[in-house]
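Working notes, beginning with the structure itself.
Letters go in sequence order (proteins before strands), and every chain restarts at 1. Computed over heavy atoms, backbone and side chain alike; hydrogens, waters and symmetry mates excluded.
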Protein chains: 2
Amino acid sequence: MVTKQFTGSPDEADIRRADSLAREIFSDVANKWALLIIEALGERTLRFGELRKEVDGISHKMLTQNLRMLERNGLADRRVHPTVPPRVEYRLTEAGRALRETVHTMCDWTHRYLGHIEASRGRFDA
Amino acid sequence: MVTKQFTGSPDEADIRRADSLAREIFSDVANKWALLIIEALGERTLRFGELRKEVDGISHKMLTQNLRMLERNGLADRRVHPTVPPRVEYRLTEAGRALRETVHTMCDWTHRYLGHIEASRGRFDA
DNA sequence: CAGTATCCACACCGATACTG
DNA sequence: CAGTATCGGTGTGGATACTG
């Protein structure tokens with residue numbers, strides 16, 4: 001929702017920059033593993049192994065990779081306890097939780113247009 | 001919302017089905033080309049060639065593929081004029097425009113956390 | 001002009017083995 | 001326990017050529 005007053009010139013460069021970043025973030029985040037991790041974390045704090053159990057079917061590699069990506073973008077916090085054996089805990093940052101909200105928005109959209117989509121698919125595939 | 005009156009458990013199957021579909025739609029829609037096409041279409045009606053010029057850098061193949069996908073999911077309309085040479089016009093459906101709104105939601109999120117994300121990336125990459 | 005088919009380089013992801 | 005490195009099968013996307 002762009003609540004833009006009738007001002008002179010909108011900052012198009014900023015908009016394009018944000019859009020470009022949005023796409024970048026999107027391509028980072030919009031894969032099923034990242035989404036499942038974000039959903040699994042929710043408001044909780046989980047260890048690597050717990051997360052692995054929680055996100056059904058994810059490989060060790062994908063979990064690591066996606067956690068690094070989330071950490072890099074400031075969506076998840078990584079806390080290392082210097083113990084033996086090591087204990088590493090992950091949780092969503094405020095930005096991460098806010099993103100989770102927008103994902104929910106899209107889920108709401110899906111819910112609303114579920115019938116429409118399935119009907120359209122049926123028609124198309126016929 | 002399906003009104004299913006079972007014992008204590010609500011319609012978990014339905015929820016899982018919607019979630020599963022949500023992920024499917026997401027993996028369809030959440031790629032940069034689909035998003036750029038949706039943005040390019042906006043409220044307008046565009047021909048294939050116009051769309052190709054509008055979406056910077058997209059290949060013929062990707063445009064076709066994504067338009068088919070959007071059509072299949074009932075997000076875009078495809079109108080063929082049986083002329084020579086052929087004229088094919090695309091526009092968003094109501095569902096497509098609604099999805100566009102949710103994409104804007106994510107853009108808003110990006111805009112809000114732009115600084116946070118860039119700072120986090122800078123920190124991480126160092 | 002719009003769409004389809006084919007080829008090929010490259011990125012992705014899982015499995016596996018190894019380190020602190 | 002958590003993380004990195006490597007290898008190989010699979011899928012994705014771009015360039016090109018061809019059809020109606």
Residue pair Arg100(B), Glu43(B): steps toward the salt bridge (Lys or Arg N to Asp or Glu O under 4.0 Å) verdict = CA-CA 10 Å; Arg100(B) 188 159 166 264; Glu43(B) 305 289 336; 3.8 Å; yes

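Scanning DNA chain C 5' to 3' for nucleotides with an atom closer than 4.0 angstrom to a non-hydrogen atom of chain A gives a first and last hit of dC13(C) to dG20(C).
Between His116(A) and Tyr113(A), the ring planes lie perpendicular to each other; the angle is over 60°, past the 30° to 60° tilted range.
Between Glu94(B) atom CD and Leu75(B) atom CG the span is 11.5 Å, to the nearest 0.5 Å. Distance CG/Asn31(A) to CD/Gln65(A): 9.0 Å, rounded to 0.5 Å.
Contact check of residues 42-58 of chain B against DNA chain C (heavy atom, cut-off under 4.0 Å) returns Arg47(B), Phe48(B), Gly49(B). Non-hydrogen atoms lying under 4.0 Å from DNA chain D are contributed by Arg78(A), Pro85(A), Pro86(A), Val88(A), Tyr90(A), all within residues 78-90 of chain A.
Between the side chain of Arg91(A) and the backbone N or O of Leu41(A) there is no donor-acceptor pair closer than 3.5 Å.
Nucleotide dG11(D) holds its C1' atom 10 Å from the NZ atom of Lys61(B), rounded to whole Å. Separating the CE atom of Met62(B) from the P atom of dA15(D) is a distance of 11 Å, rounded to the nearest angstrom.
Paired runs in DNA chain D that reach 3 or more consecutive Watson-Crick or G-U pairs, where each pair keeps both distances under 3.5 Å, cover C:1-20 with D:1-20.
With sequence neighbours excluded, the residues satisfying side chain to side chain contact (heavy atoms under 4.5 Å, CB included) with Arg44(A) are Leu46(A), Glu54(A).
A ring pair (Phe, Tyr, Trp, His ring centres under 6.0 Å) check over residues 52-97 of chain A, counting only residues at least two apart or in different chains, returns the pairs Phe48(A)-His60(A).
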